[in-house]
Protein chains: 2
Amino acid sequence: MDNSLEVCKGKLIHKDSVNKVINSLPKDNFLNRLADFFKIFGDSTRIKIIYSLYYSELCVCDLVAVIGISQSGISHQLRTLKQMGIVKNRRKGKTMYYSLDDQHIFEILKSGFAHISHV
Amino acid sequence: MDNSLEVCKGKLIHKDSVNKVINSLPKDNFLNRLADFFKIFGDSTRIKIIYSLYYSELCVCDLVAVIGISQSGISHQLRTLKQMGIVKNRRKGKTMYYSLDDQHIFEILKSGFAHISHV
DNA sequence: TTAACATATGAATATATGCTCATATATTAT
DNA sequence: ATAATATATGAGCATATATTCATATGTTAA
C-alpha cells in the first residue's frame, strides 16, 4: 500500500511543504467568504457606487446619474452591497438614501488603488 | 431646452452632490483596472494559491496536491496570476517552481481576512 | 532516439454575473 | 381613491469565468 500523495506520476512532490501548507490553509468555508468579500470590489459599477457614497450620501436616482446604467441595475447592485454590509439606507418619503455602512471598506479600495498606481 | 439631469422623472436629483461626485470619480480605464485587480482575490482557488505561495515556493504539482483541482486548472490560474504580476516562476528541470512576485499582495489579502473575521 | 514525466494550452462546458425590460411596491400629492 | 414618482424585484439574456478533457510542449533519463 502506498499512501504517498499520488498527484503527479513521479510522486516527487515536496511532501513536507505541501503538508505544512495544507495544515495552515484556512477552512474552505472561510476562504469562500473571503473570495465573496473581494468579489465586491471586482466590478467597476460597485466600485463607483462605493466611491460615490464615500463622498456623500446619495439616493438611487443620483447614483443612476453618476454611473449611467439603468435604475434597475443600480438597485440590484445596492441590494447586494446591502446584503454584504457595505451600505445602509434610510427612506425619506419616496426617496431612498444610501450611504456607506462601513467606512473601513474604503481603505481596502484605496490599498488596491495604491497598488495599481505605482506598479 | 432643459439641461438638467433627466434621470428620474421629477428631476429632483441632488445636482450639487452628483456633479461633485462625477468630477471626483477616477477615469473608467483606471476603475476597470482596479476591478480587475480585486477580481484576483475574488476566487477561492486563486486565494489558496496565493496563500500557499506565501508560505513557500511550490511546484505546480504541489499546488495540485494542496488545492485539489486538476493540474490543468492550476496551470490556467497560475498563468493569469503571472500575467497580473502576482506570481513568478523558475524552471528546474521538468519542474516549474512558483512563488509570489509581490509580497505586498498578501497584505491586501490579510486586510480582507481581518475584515471578515471581526464582522 | 525513445520513453516518461511535468507543465502549458486550446476547446468545450457549465455556472455565475451584470445588465435590461417589464412590472410590483411604497410613498406622496391631488 | 387616483395619479405620479422613486425604488425594488423577477425573468431573461448575453457575457464572463472556472473547470475539465485532450493534447502539445519542454525536459530528463534510458
Side-chain angles (χ1 to χ4, degrees), chain A residues 4-14 18 28 31-32 35-50 57-65 67-84 87-99, chain B residues 4-14 18 28 31-32 35-36 38-49 57-65 67-84 87-99:
Chain A
S4 69
L5 291 165
E6 293 209 31
V7 179
C8 293
K9 289 168 190 169
K11 298 166 201 162
L12 35 95
I13 227 177
H14 306 83
V18 167
D28 260 36
L31 294 179
N32 287 332
D36 286 342
F37 173 71
F38 280 112
K39 265 179 207 161
I40 296 168
F41 307 104
D43 174 77
S44 65
T45 295
R46 282 191 294 272
I47 291 182
K48 286 175 191 170
I49 292 177
I50 294 169
E57 184 187 57
L58 294 170
C59 70
V60 176
C61 191
D62 295 335
L63 288 168
V64 172
I67 296 173
I69 70 170
S70 71
Q71 176 269 317
S72 170
I74 296 289
S75 252
H76 279 296
Q77 292 295 5
L78 285 169
R79 183 174 51 161
T80 54
L81 287 171
K82 189 170 181 220
Q83 283 171 344
M84 295 297 287
V87 305
K88 59 177 185 285
N89 57 6
R90 69 182 176 90
R91 180 180 279 281
K92 188 181 180 186
K94 284 177 284 190
T95 307
M96 191 70 91
Y97 287 92
Y98 281 85
S99 56
Chain B
S4 69
L5 290 165
E6 292 210 32
V7 177
C8 292
K9 289 169 190 168
K11 298 163 198 165
L12 35 94
I13 224 176
H14 307 83
V18 167
D28 262 36
L31 295 179
N32 286 332
D36 286 343
F38 280 113
K39 264 179 208 163
I40 296 168
F41 308 104
D43 175 79
S44 64
T45 296
R46 282 192 294 273
I47 291 183
K48 286 175 191 170
I49 292 176
E57 184 188 56
L58 294 171
C59 71
V60 176
C61 189
D62 295 336
L63 287 167
V64 172
I67 296 174
I69 70 169
S70 71
Q71 177 268 317
S72 171
I74 296 289
S75 252
H76 280 296
Q77 293 294 6
L78 285 170
R79 183 173 50 161
T80 55
L81 288 172
K82 192 175 178 214
Q83 284 171 344
M84 295 295 289
V87 304
K88 60 178 187 284
N89 56 5
R90 69 179 176 92
R91 182 180 277 282
K92 188 181 181 186
K94 285 176 286 191
T95 308
M96 190 70 89
Y97 287 92
Y98 281 86
S99 57

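In what follows, chains carry the letters A, B, and so on, assigned in the order in which the sequence lines appear, proteins first and then strands, with residues in each chain numbered from 1.
Atom NZ in A:Lys94 sits roughly 16 Å away from atom C1' in D:dA8 (whole-Å rounding). B:Tyr97 has its OH atom 13 Å from the P atom of C:dA8, to the nearest Å. The distance from atom CZ of A:Arg79 to atom P of C:dA24 is 17 Å, rounded to the nearest whole Å. Put simply, CG on A:Leu31 is 17 Å from C1' on D:dA18, counting in whole angstrom units. Atom pair A:Leu81:CG and D:dA8:C1' shows a separation of 15 Å (rounding to whole Å applied). A:Arg90 has its CZ atom 17 Å from the C1' atom of C:dA26, to the nearest Å. Between B:Lys82 atom NZ and C:dT7 atom P there is a gap of 14 Å when expressed in whole angstrom units.
Of the candidate nucleotides C:dT7, D:dA8, D:dT27, C:dT7 has the atom nearest to the side chain of B:Val60.
Less than 4.0 Å separates DNA chain D from no heavy atom of any residue of residues 35-49 of chain A. Of the residues in residues 67-77 of chain B, those lying under 4.0 Å from DNA chain D by heavy-atom distance are B:Ile69, B:Ser70, B:Ser72, B:Gly73, B:His76, B:Gln77.
When A:Ile49, A:Thr80, A:Ile47, A:Ile50 are each tested for a side-chain contact (heavy atoms from CB on, under 4.5 Å) with A:Ile40, only one passes: A:Ile50.
Look at A:Arg91 and you won't find any side-chain N or O under 4.0 angstrom from OP1 or OP2 of D:dT5. Within the structure, a side-chain polar atom (N or O) of B:Tyr98 is placed less than 4.0 Å from OP1 or OP2 of C:dA8.
In this structure, A:Arg46 contributes its side chain and A:Lys39 its backbone to a donor-acceptor pair below 3.5 Å. A donor-acceptor pair is defined here as one N or O able to donate and one able to accept, closer than 3.5 Å; no such pair exists between the side chain of A:Asn89 and the backbone of A:Met96.
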